[in-house]
Amino acid sequence: MKRSGVSQRMLLSVVAGVAAVGVGERVSFGQEAMYTNAATMPVAGALMFRPQAFVSQYGADPDGPSTRTTFYTMDLGVQIGLALAWSLNIQAPLEYVDTNAPLAAGGGDHEVAVESVDFTFKHRFFMENNGTIDTMRAAVIFGGRVDTKDGVNVDPHVGVVFTKVHGLHGVNLEADYMMTTGGIEDRLANIQGGDGTADLFRFNASYVYRFWPETFTSTSTGAWYVTAELNTLMETNGDTELRWSPGIMYEGRVVSFEAMLQLPVANWLDQRPELDWSVGMGLRILF
């Protein structure tokens, strides 16, 4: 009987350990909202494919003709677990712009094109786990956006990100800086923050709340979350935007889904149009 009791305890320990690993793997690539980075990443040797589709409408050019610009983006992203606490994220946005300004003013339809590819390394330098779910993590992110619009140039960027998960709640804080070495001077073409010739600071904060299931078990296959983000874009030419992004997210063991709405809160813009609204949807597929 004594041996049987020991064997049962050992078996229960193994089962609990396997369940904890499964939950830990979910945390390792989860808790990341659509616009805010997280200090999580795929385990070494794993690959996550993350396609995202966005439709965004921007208002009039500050000093130009009255226009409305619709910006379509299919962002093709791949995040690769390189080694313990290291990952590489590659993003190639496929873009299409439609503006109602006269062609002579730079408006009209633009061809679909991949005009830049971004390479971002992430290194987690801090991690403190207080259970199978509760964790605090911090990482440095750095890399470069290879811009092919006008020749080839590289816009280097560097930042930090902090993630805290406690029970049903998750928080991510991100700050990064991108030095623009090229950029677009045409105000009608300079739509998004970072497209122009000014450097860009980004400050993002996200809150993630898991509303189902209340607790994870060894039979859990996924979880539903509501998310809320504050996204700040500050350029060295003085242009500043604050945006609010509510959304919903499902994270499964292999396939995850996300959808968000982005709306302006406040802006001080002189060099580019302001955002009216944006809608985004995406998938995450883990290999």
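Just so you know, these numbers come straight off a predicted model, no measurement behind them.
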Side-chain donor/acceptor of [X] to backbone N/O of [Y], under 3.5 Å:
X	Y	result
T73	P93	no
E229	T36	yes
T180	A198	yes

Non-hydrogen side-chain atoms of [X] and [Y] separated by less than 4.5 Å:
X	Y	result
M249	R284	yes
N37	N172	no
M41	W86	no
R202	L233	yes
D276	Y58	no
D176	F142	no
N89	K122	no
E258	Q52	yes

Do you reckon [X] sits in the same ILVMFWY cluster as [Y], going by side-chain contacts under 4.5 Å, direct or chained?
X	Y	value
L263	M34	no
L200	W268	no
F119	V160	no
M127	V165	no
W224	Y209	yes

Per-pair distances, 0.1 Å, donor-acceptor, side chain in residues 74-84, under 3.5 Å, sequence neighbours excluded:
{"residue": "D75", "atom": "OD2", "partner": "Q91", "partner atom": "NE2", "Å": "3.0"}
{"residue": "Q79", "atom": "NE2", "partner": "S87", "partner atom": "OG", "Å": "3.4"}

Should we count NE2 of H166 as having more than 12 external heavy atoms under 6.0 Å?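 Count not over threshold, so no.
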
Is the count of non-hydrogen atoms from other residues, nucleotides or ligands lying under 6.0 Å from W244 atom CH2 greater than 12?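 Counting other residues, nucleotides and ligands, CH2 of W244 stays at 12 neighbours or fewer.
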
Any idea which heavy atoms bring [X] and [Y] closest together, and the distance?
X	Y	value
F257	L283	CD1-CD2, 4.1 Å
V117	A92	CG2-CB, 4.2 Å
R124	A139	CA-CB, 3.8 Å
G222	P213	O-CD, 3.5 Å
M48	P42	CB-CG, 4.3 Å
S56	S278	OG-OG, 2.7 Å

My understanding is that only one of L275, N204, V265 makes a side-chain contact (heavy atoms from CB on, under 4.5 Å) with R243; could you say which?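 Result: among L275, N204, V265, L275 is the only option passing the side-chain contact (heavy atoms from CB on, under 4.5 Å) with R243.
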
Please name all residues satisfying side chain to side chain donor-acceptor pair (under 3.5 Å) with D118, sequence neighbours left out, ordered by chain then number.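 Side chain to side chain donor-acceptor pair (under 3.5 Å) check on D118 returns T120, H157.
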
Nearest 0.5 angstrom please: [X] [atom1] to [Y] [atom2], how far?
X	Y	atom1	atom2	answer
K164	D134	NZ	CG	7.0 Å
T163	Q31	OG1	CD	8.0 Å
T232	F203	OG1	CZ	7.5 Å
T181	D147	OG1	CG	7.5 Å
R272	D195	CZ	CG	8.5 Å
Q271	N237	CD	CG	5.0 Å

Parallel, tilted or perpendicular: which describes the rings of Y72 and Y96, with under 30° parallel and over 60° perpendicular?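 Judged by the thresholds at 30° and 60°, the geometry between Y72 and Y96 is tilted.
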
Mind telling me whether F54 and Y35 have parallel, tilted or perpendicular rings, with 30° and 60° as the class edges?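 Geometry flag for F54 against Y35: tilted rings.
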
L168 and F211: CA distance, side-chain angles, deciding distance, side-chain contact (heavy atoms from CB on, under 4.5 Å) verdict: CA-CA 7 Å; L168 304 177; F211 64 89; over 6 Å; no

